[in-house]
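None of the values given here were measured: they were computed from a predicted structure.
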Amino acid sequence: MQPNFRIRPAVATDLPVLRGLIEASVRQLQADDYTTSQRESALATVFGVDTQLVTDGTYLVVEHCPSESPASPTIVACGGWSKRKTLYGADQWTDRHDDLLDPTRDAAKIRAFFIHPDWARRGIGTLLLEACESAARSAGFSRFEMGATLTGAKLFRERGYRPVRNLEVPLNNGESLPIIQMEKQA
């Protein structure tokens, strides 16, 4: 892991910080791939925190811990993996499937990756992805899949994920959000 960063499970007291981080990430980092209308509607419809992942202990945060500084750690990224069937979507998403997966035949879901814009393009997403894949492998999974945003798909392709199919996520404003279902063998 890079110096001055640590990864830990998210806890309920992190939720306000995570919500702000997710909003900043979506509004700034996804601007090249989605319209303002798509981003804002996605924040209301599908993007956000899935507290089931927090409860399961599978949603992680990356903290920057300044060396030799009294400053408190700062959460700079979040993302997780799931042993449940839901492919994407936060608490407000209506198409949720919280049934447990069978690691011997199902793929673990890689979920809800967001990097704060001030910390983008520093390898933090890769660190987080490696931690999620390692934890899912430890839980017995040998495959991973995700519903990647057009923005995130660039990183995931570099990390060995292959597109399976294009999806259109319906948004509450009548538009849709194109994403890519991707998968990888462990």
Side-chain angles (χ1 to χ4, degrees), residues 1 5-10 14 18 21-22 25-26 29-30 33-34 42-43 45-63 75-93 95-116 119-169 177-186:
M1 181 175 308
F5 290 101
R6 79 172 169 212
I7 298 175
R8 65 166 175 82
D14 294 327
L18 297 179
L21 183 155
I22 291 167
S25 179
V26 169
L29 298 180
Q30 295 186 10
D33 297 304
Y34 300 111
L43 283 166
T45 307
V46 66
F47 289 155
V49 178
D50 180 345
T51 54
Q52 182 66 61
L53 299 179
V54 176
T55 300
D56 288 346
T58 60
Y59 202 58
L60 307 177
V61 298
V62 179
E63 292 180 316
I75 295 175
V76 299
C78 54
W81 70 278
S82 183
K83 57 188 173 185
R84 299 181 185 277
K85 290 185 179 181
T86 299
L87 185 62
Y88 54 83
D91 288 347
Q92 72 272 23
W93 181 239
D95 190 22
R96 301 178 57 78
H97 306 280
D98 286 336
D99 300 340
L100 291 173
L101 299 167
D102 178 351
T104 63
R105 69 169 194 266
D106 297 321
K109 309 305 186 226
I110 302 298
R111 301 275 315 278
F113 271 56
F114 299 96
I115 312 299
H116 191 282
W119 294 90
R121 318 267 183 294
R122 298 188 194 194
I124 295 168
T126 298
L127 289 174
L128 188 55
L129 182 60
E130 289 170 352
C132 289
E133 289 175 349
S134 177
R137 273 193 300 274
S138 292
F141 289 93
S142 60
R143 292 184 307 119
F144 315 117
E145 72 176 350
M146 67 178 64
T149 63
L150 301 179
T151 308
K154 298 163 191 149
L155 164 69
F156 301 126
R157 276 189 187 100
E158 290 175 8
R159 306 306 304 162
Y161 284 80
R162 299 291 170 243
V164 174
R165 64 185 171 135
N166 294 331
L167 301 171
E168 295 287 330
V169 178
L177 188 79
I179 66 169
I180 305 168
Q181 182 177 351
M182 302 182 85
E183 69 179 11
K184 177 182 176 179
Q185 296 292 319

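Looking at every heavy atom in both residues, C78 comes nearest to L18 through CB-CD2, 3.8 Å. Counting all heavy atoms, side chain and backbone alike, L128 lies closest to G79 at CD2-N, 3.5 Å. Closest approach of L21 and I75 over heavy atoms only: CD1-O, 3.7 Å. When all heavy atoms of G152 and T149 are compared, the pair lying nearest together is N-OG1, 2.9 Å. For F141 against A108, the heavy-atom pair with the smallest separation is CD2-N, 3.3 Å.
Put simply, the side chain of V62 does not reach to within 4.5 Å of the side chain of L127, judged on heavy atoms. Looking only at side-chain heavy atoms (C-beta outward), D14 and R8 come within less than 4.5 Å of each other. At a threshold of 4.5 Å between non-hydrogen side-chain atoms, the residues I180 and R157 count as touching. Using a 4.5 Å cut-off on side-chain heavy atoms (C-beta onward), R159 and E130 make contact. Side-chain atoms of K184 and F156, non-hydrogen and from C-beta on, never get closer than 4.5 Å to each other. Within the 4.5 Å cutoff, the side chain of R84 has no heavy atoms near those of the T58 side chain. The shortest side-chain heavy-atom distance between P178 and Y34 falls under the 4.5 Å cut-off. When side chains are defined from C-beta on, I22 counts as touching L43, because their heavy atoms get closer than 4.5 Å.
Tested against F114, the residues W119, Y59, F47 include a single ring-ring contact (aromatic ring centres under 6.0 Å, His included) partner, F47.
Note: Y161 and F144 have tilted aromatic rings, judged against thresholds of 30 and 60 degrees for the angle between ring planes.
Ring centroids of W93 and Y88 are separated by less than 6.0 Å, placing the two rings close together.
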Next on the checklist: Between D50 and K109, is the salt bridge (Lys or Arg N to Asp or Glu O under 4.0 Å) condition met? List the steps.
Outcome noted: CA-CA 13 Å; D50 180 345; K109 309 305 186 226; over 6 Å; no

